[in-house]
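Notes for the one structure printed next.
Everything numeric in this text was worked out from a predicted model, so none of it was measured.
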Amino acid sequence: MDKQASQIIPEVGMGVTYLCGSDRYPFTIVKVNTPRKLTIQADEEANYLRPHFREIRKHKDGSWRDTNGMRYRVGDRESYIDPSF
């Protein structure tokens, strides 16, 4: 985990990227439950992802993950679908 990324202070409206293999899906923070727990919503480009709202938590290693262990990057919003699949 990059030191600068681990120092980001989450706030409502900030972008989040869901990392799924080489694909990237944009989300937005809609609620800061605690500094280590966020509620996020899929952006329009990722609206087929269910559920639209997800809760993610910051782990001891600085990574953000949902209850299924899927990874997220807080502080940026990226959309990319790998065309090779």
Next item on the list: Say whether, by atom type as modelled, one donor and one acceptor occur between the side chain of T17 and the main chain of D76 under 3.5 angstrom.
Entry: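 Yes, because the side chain of T17 sits within donor-acceptor range (under 3.5 Å) of the backbone of D76.
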Is there a donor-acceptor contact under 3.5 Å from the side chain of D82 to the main chain of D23?
->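 Not a single qualifying donor-acceptor pair exists.
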Nearest 0.5 Å, what's the [atom1]-[atom2] distance between [X] and [Y]?
X: K58; Y: I8; atom1: NZ; atom2: CD1; answer: 8.5 Å
X: D66; Y: E55; atom1: CG; atom2: CD; answer: 10.0 Å
X: R71; Y: H59; atom1: CZ; atom2: NE2; answer: 12.0 Å
X: N33; Y: R57; atom1: CG; atom2: CZ; answer: 8.5 Å
X: R77; Y: I29; atom1: CZ; atom2: CD1; answer: 9.0 Å

Quick check on the hydrophobic clustering: are [X] and [Y] connected, directly or via other members, by side-chain heavy-atom contacts under 4.5 Å?
X: F27; Y: I81; answer: yes
X: Y80; Y: M70; answer: no
X: V30; Y: V32; answer: no

Non-hydrogen side-chain atoms of [X] and [Y] separated by less than 4.5 Å:
X: Y25; Y: S79; value: no
X: K37; Y: I56; value: no
X: L38; Y: V74; value: yes

Taking 4.0 angstrom as the limit, do E78 and R73 come out as a salt bridge?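 Result for this pair is yes, salt bridge flagged.
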| said: Whether R54 engages the ring of Y72 as a cation-pi pair (distance to the six-membered ring centre under 6.0 angstrom, angle to the ring normal within 45°) should be assessed. | reply: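 Negative - R54 is either too far from the ring of Y72 or too far off its axis.
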### Task
Identify, with sequence neighbours excluded, every residue that meets side chain to side chain donor-acceptor pair (under 3.5 Å) alongside R24.
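Applying side chain to side chain donor-acceptor pair (under 3.5 Å) to R24 gives none.
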The criterion is side chain to side chain donor-acceptor pair (under 3.5 Å); which residues satisfy it with Q41, sequence neighbours excluded?
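Expected list: none.
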Q) If you link I, L, V, M, F, W and Y whenever their side-chain heavy atoms are under 4.5 Å apart, who else ends up in the same group as L19? A)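 Answer for L19: none, a lone residue.
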#### Entry: Closest contact, heavy atoms only, W64 versus P35
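The pair with the smallest heavy-atom distance is CH2-O, 3.6 Å.
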Count the heavy atoms of every other residue, nucleotide or ligand shown that sit under 6.0 Å from CZ of R65, and state whether that count exceeds 12.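 Atom CZ in R65 is crowded, with more than 12 foreign heavy atoms closer than 6.0 Å.
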